[in-house]
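For clarity, every value in this text was computed on a predicted model and none was experimentally measured.
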Number of protein chains: 2
Amino acid sequence: MAAQPKDNQEGRALIALRERILGGVLPGGTRLFEVPLAEEMRISRTPLRAAMSRLAEEGLLERARGGGFLVRAFTVADVIDAIELRGVLEGTAARLAAERGVPEERLARLAVLTAELDGCFQGATVDFERYSALNGAFHAALQHLPGSEILARELERTKTLPFASPSAFLPDETAHADFERSLAHAQAQHRALHEAIAAREGARAEAIAREHARLARRNLDHLIRNKAPGAPLSPALALVID
Amino acid sequence: MAAQPKDNQEGRALIALRERILGGVLPGGTRLFEVPLAEEMRISRTPLRAAMSRLAEEGLLERARGGGFLVRAFTVADVIDAIELRGVLEGTAARLAAERGVPEERLARLAVLTAELDGCFQGATVDFERYSALNGAFHAALQHLPGSEILARELERTKTLPFASPSAFLPDETAHADFERSLAHAQAQHRALHEAIAAREGARAEAIAREHARLARRNLDHLIRNKAPGAPLSPALALVID
DNA sequence: ATGGCCGATATTGTATACATGATCGTGAGG
DNA sequence: CCTCACGATCATGTATACAATATCGGCCAT
């Protein structure tokens with residue numbers, strides 16, 4: 001998906017920094033000081049700054065006034081807005097695909113993914129790992145379906161935020177009662193989305209994609225309601241401040 | 001709107017590069033070589049690279065494989081998609097503003113802008129300069145109306161592309177017959193948009209904002225149809241390759 | 001007591017030399 | 001004639017020293 005970082009100092013700094021940020025080692029709002037960071041990573045400031053610049057491009061860092069970088073901090077409202085935005089953009093991808101038409105072969109690939117997702121429900125218990133991977137592939141395919149580089153790029157940007165990714169808030173396995181029902185509901189939407197696009201029903205496709213993103217918001221709400229005070233919510237929410 | 005570059009080497013390089021790119025001196029697809037560029041600008045490669053990195057963030061440059069930067073090239077299809085995307089995002093801003101509600105005072109500021117835009121039509125001839133400036137202000141206000149930092153940021157990003165800005169394809173003054181009629185139509189949509197948001201009519205507000213962006217596409221089509229072969233189309237299209 | 005000035009120090013900005021790697025032409029071998 | 005390998009050249013990647021500036025504390029004047 002995202003271009004693989006090269007095996008050089010900048011690439012290593014990029015990976016290491018991203019890991020620390022997403023892992024919560026560097027919480028939202030933390031200022032990144034170049035000299036200590038560079039020493040700790042055993043590289044010079046130059047590739048470190050290049051890596052920070054790229055992370056700013058990704059939206060994980062922001063530039064501080066007076067120079068330097070901060071780990072970007074998000075509120076719960078931001079998370080909600082990012083999910084909403086993903087829904088809007090995926091809805092647009094779905095609508096444009098329906099309106100403009102999609103080559104038979106690419107539509108078939110989406111159908112294959114949908115069928116494979118169906119397959120996750122065959123066993124006695126849902127294959128969660130496989131569902132999650134296929135879900136990501138389905139959304140990646142959707143992203144490129146209308147063949148718009150501009151739109152695909154913005155969607156990619158949005159999904160880079162850890163809490164806006166389609167797999168960020170899949171239903172919580174701890175909620176056993178609702179777990180399979182919720183996944184089945186999401187999968188029904190996948191099927192309906194494919195059907196609407198194939199039938200060139202743009203408005204329907206858009207509406208379904210938007211509603212589909214709302215599942216993430218619902219699962220987010222569930223996480224927050226069941227929050228143990230002080231306990232971490234979810235890896236996807238490392239950058240979120242209360 | 002965009003943060004003012006600082007008065008340092010990086011800031012100067014940023015301004016100079018942006019100017020050359022938007023001015024068409026560096027056409028889409030041009031590779032930027034650091035050494036000659038730095039020499040020409042009388043700065044070292046370090047701040048030049050920092051500036052290029054920021055322009056990549058803006059979407060004006062892209063990273064080349066194997067390192068370095070290219071001036072990003074756009075097709076006419078990209079321009080159409082970017083306008084569509086702006087419509088979608090402005091539509092979302094309008095819808096969320098309507099759904100979530102807007103503080104009275106901010107709505108009043110939008111009303112003032114709308115009234116001032118009306119004022120451009122009072123004289124014998126439309127005050128085009130003033131209309132253009134107020135139009136930009138109206139869209140900037142809309143962008144921040146729902147109070148969503150996430151959405152505002154993406155809209156800002158999209159509008160940074162010169163051909164996706166709300167003022168990029170205002171009707172061409174050379175088409176005298178349609179000129180005032182087209183501006184008046186756009187202004188009617190501004191008024192309707194304000195009205196819909198004030199009345200909390202989210203779906204209507206979204207539809208109006210989308211249709212409003214379509215005016216830009218219409219004017220773009222008009223430009224392309226009347227294109228003199230070989231002649232430059234519009235400053236906004238400097239990065240577009242046929 | 002408070003406001004603003006000033007300077008010490010911490011931090012980023014810049015230049016530059018050198019290292020690494022990408023690109024492309026050239027030649028030998030198939 | 002084509003392909004692949006090699007190496008020269010050129011562009012970017014990296015380290016580091018030095019410059020400029022932001023920040024913050026204390027001090028002075030009001």
Minimal non-hydrogen separation, B:Phe163 against B:Ile83, with atom names: O-CG1, 3.9 Å
Interatomic distance where CG belongs to B:Asn8 and C1' belongs to C:dA15 [whole Å]: 14 Å
Near-strand residues of residues 41-48 of chain A, defined as heavy-atom separation under 4.0 angstrom from DNA chain D: A:Ile43, A:Ser44, A:Arg45, A:Thr46, A:Pro47
Protein-nucleotide distance (A:Arg63, atom CZ; C:dT11, atom P), rounded to Å: 19 Å
For residues 105-116 of chain A, which side-chain N or O atoms pair as donor and acceptor with protein atoms under 3.5 Å away, sequence neighbours left out?
unit_1	atom_1	unit_2	atom_2	d
A:Arg106	NH2	A:His144	O	2.8
A:Thr114	OG1	A:Leu110	O	2.8

Shortest non-hydrogen separation from B:Thr158 to B:Ala82 and the atoms involved: CG2-O, 4.0 Å
Phosphate OP1/OP2 of C:dA22 contacted by B:Arg65 side-chain N/O (<4.0 Å): no
Rounded distance (Å) that lies between atom P of C:dT20 and atom CZ of A:Arg12: 12 Å
Nucleic acid contacts - residues 32-40 of chain B versus DNA chain D, non-hydrogen atoms under 4.0 Å: B:Leu32, B:Phe33, B:Glu34, B:Val35
Shortest non-hydrogen contact between B:Ser234 and B:Leu223, atoms and distance: CB-CD1, 3.9 Å
Rounded distance (Å) that lies between atom C1' of C:dT12 and atom CG of A:Leu70: 14 Å
Qualifying residues under salt bridge (Lys or Arg N to Asp or Glu O under 4.0 Å), relative to A:Arg86, sequence neighbours excluded: A:Glu90
Ring pair (Phe, Tyr, Trp, His ring centres under 6.0 Å) partners of A:His194, counting only residues at least two apart: none
Tell me which donor-acceptor pairs under 3.5 Å the side chains of residues 74-81 of chain A have, and how far apart each pair is, sequence neighbours excluded?
unit_1	atom_1	unit_2	atom_2	d
A:Thr75	OG1	A:Ala77	N	3.4
A:Thr75	OG1	A:Asp78	N	3.1
A:Thr75	OG1	A:Asp78	OD2	3.3
A:Asp78	OD2	A:Thr75	N	3.1
A:Asp81	OD1	B:Arg100	NH1	3.0
A:Asp81	OD1	B:Arg100	NH2	2.8
A:Asp81	OD2	B:Ser148	OG	2.8

Any B:Arg31 side-chain N or O less than 4.0 Å from OP1/OP2 of D:dC10: no
Parallel, tilted or perpendicular: rings of B:His190 and B:His139 (30°, 60°): perpendicular
Spacing between B:Glu10 atom CD and C:dA15 atom C1', to the nearest angstrom: 15 Å
